[in-house]
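Please read the structure below before turning to the comments.
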Amino acid sequence: MENHERFRREVATWLADNLTGEFAGVRGLGGPGREHEAFDERLAWERHLAAAGWTCLGWPTEFGGRGLSVAEQVIFHEEYAASGAPARVSHLGEQLLGPTLIAFGTPEQQRRFLPAIRAVEQLWCQGYSEPGAGSDLAAVSTTARLDDAAHGDGNGSSPANGGAAGGGWIVDGQKIWTSLAHVADWCFVLARTEPGSRRHHGLSYLLVPMDQPGVTVRPITQLTGTSEFNEVFFDGARTEAGMVVGEPGDGWRVAMGTLGFERGVSTLGQQIGFRRELDGIVAQARATGTIDDPVLRDDLVRARMELRVLRAHALRTLEREPGPDVAVGKLLWAGWHRRLGELAIRARGARGLVTGGDLDEWQRLLLFSRADTIYGGSDEIQRNIIAERVLGLPKEPRSTEERR
Ligand SMILES: Cc1cc2nc3c(=O)[nH]c(=O)nc-3n(C[C@H](O)[C@H](O)[C@H](O)COP(=O)(O)OP(=O)(O)OC[C@H]3O[C@@H](n4cnc5c(N)ncnc54)[C@H](O)[C@@H]3O)c2cc1C
């Protein structure tokens, strides 16, 4: 415990000392609905974090991480959020692909990609969802086939475009809602590599470079007017033969492994961010006088109490091996945050919905928090998981196609 307090002070001191000078301006920037804010400056900040050894804290030391305990990682994320440090730009590499490569990758893949992720020299995006495959991910129809003419060797000697000159895998299809694809160097793609295969059979998990003629990224404009996710088109895109994680055809298992890493220790830091938002809303309510509305007061108090429940639940979940009950946490925080967006507007009274052009922070919160109950598995899907895998209720009827 004393060690934890010492570590907490070390993190807080480092952040306070370093969020100054050239990095003073990045405080509070970025995050859901605001990823466009000061991207280059946040990238520079994150490389500064990496140089000081504050990235990939939970990765084992033999893979370049610091091998910190869950408790220490939670402390880091809490202090990071409390300091007002900006939203991270490399979380998809650090939290999703990195742990996936550590668990399923070849030594060559680990040597090639992990140092670049740790140093924030390479950004990644997640190519799972398609127009016909979201909640039902096993319906993926993007294909990849090996070009028998000349296989890439995957040993890292090829140029950054992953052997686009010939050989290796050829990828065709469309992904959608691909967060940060417009700034990513690489994408981890779930693709069908066995022609005629169905559902979760015959899929492979491929690493595909984004900077090549066969990849087109088209931004999707959100309600907030910003574009942080995209459509990604693969049209004869190429990657080396060695860029398959796990065995060809075993992509479902690897893809599910990645999702298992998705709900991790950063949840506690996320809640510190929620607390700051709630404090800001209370301040708004005081400033506008809406704090005198007894219904709003009641809802603000309820929000604060629910946030404490969220924290208790998250801490309890982290003590156990990840299992289906993480769905409870996702369901709770997503609904809570969505309601917070509504509270933000109510707290501001009549001017809450008026814009003078650009949306302000609270209007963005209202609009972007609509997405909270969709990404990372929608509320309905979480409820299905809880019903079937936590409570053991009868499974929902599957179609004939799905049963195959
Ligand atoms: C902000 C944001 C960022 C995202 N980033 C990424 C990313 O980086 N990479 C990526 O691959 N994807 C990403 N996604 C996509 C996300 O994973 C999907 O939106 C999500 O899985 C839902 O899929 P869908 O949009 O196709 O909706 P659908 O699956 O078509 O669902 C439509 C509606 O039907 C409901 N529904 C579906 N199936 C069932 C069922 N069996 N029982 C009950 N109800 C059901 C859903 O809950 C939903 O309300 C992102 C999404 C958002 C909103």
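All values reported here derive from a predicted model rather than from experimental measurement. In each ligand, atom 1 is the first atom listed, and ligand 1 is the first ligand listed.
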Does a salt bridge link Arg346 with Asp293, judged by any charged N lying under 4.0 Å from a carboxylate O? no

Do me a favour and list the nearest non-hydrogen protein atom to atom 42 (N) of ligand 1 with residue, atom name and distance? Asn384 ND2, 3.2 Å

Can you confirm whether some protein heavy atom lies under 4.0 Å from atom 22 (C) of ligand 1, or whether none does? yes

Answer yes or no: is there an ion pair linking Glu121 with Arg47, defined by an N-O contact shorter than 4.0 Å? yes

Note the single closest protein heavy atom to atom 11 (O) of ligand 1, along with its residue, its atom name and the distance in Å. Ser129 N, 2.7 Å

Using a 6.0 Å distance limit plus a 45 degree cone around the ring axis, check whether Arg66 lies over the aromatic ring of Trp54. yes

Specify the protein heavy atom at minimum distance from atom 24 (P) of ligand 1: its residue, its atom name, and the distance to 0.1 Å. Gly134 CA, 4.0 Å

Heavy-atom proximity to atom 29 (O) of ligand 1 ranks first, among Cys187, Ser135, Gly132, for Ser135

For atom 2 (C) of ligand 1, which of Phe229, Phe368, Trp177 has the closest heavy atom? Phe229

Parallel, tilted or perpendicular: which one describes the rings of Phe188 and Tyr205, with boundaries at 30° and 60°? parallel

Starting from atom 45 (C) of ligand 1, find the nearest protein heavy-atom neighbour and note its residue, name and distance. Glu380 CB, 4.1 Å

In terms of residue, atom name and distance, what is the protein heavy atom nearest to atom 20 (C) of ligand 1? Ile374 O, 3.8 Å

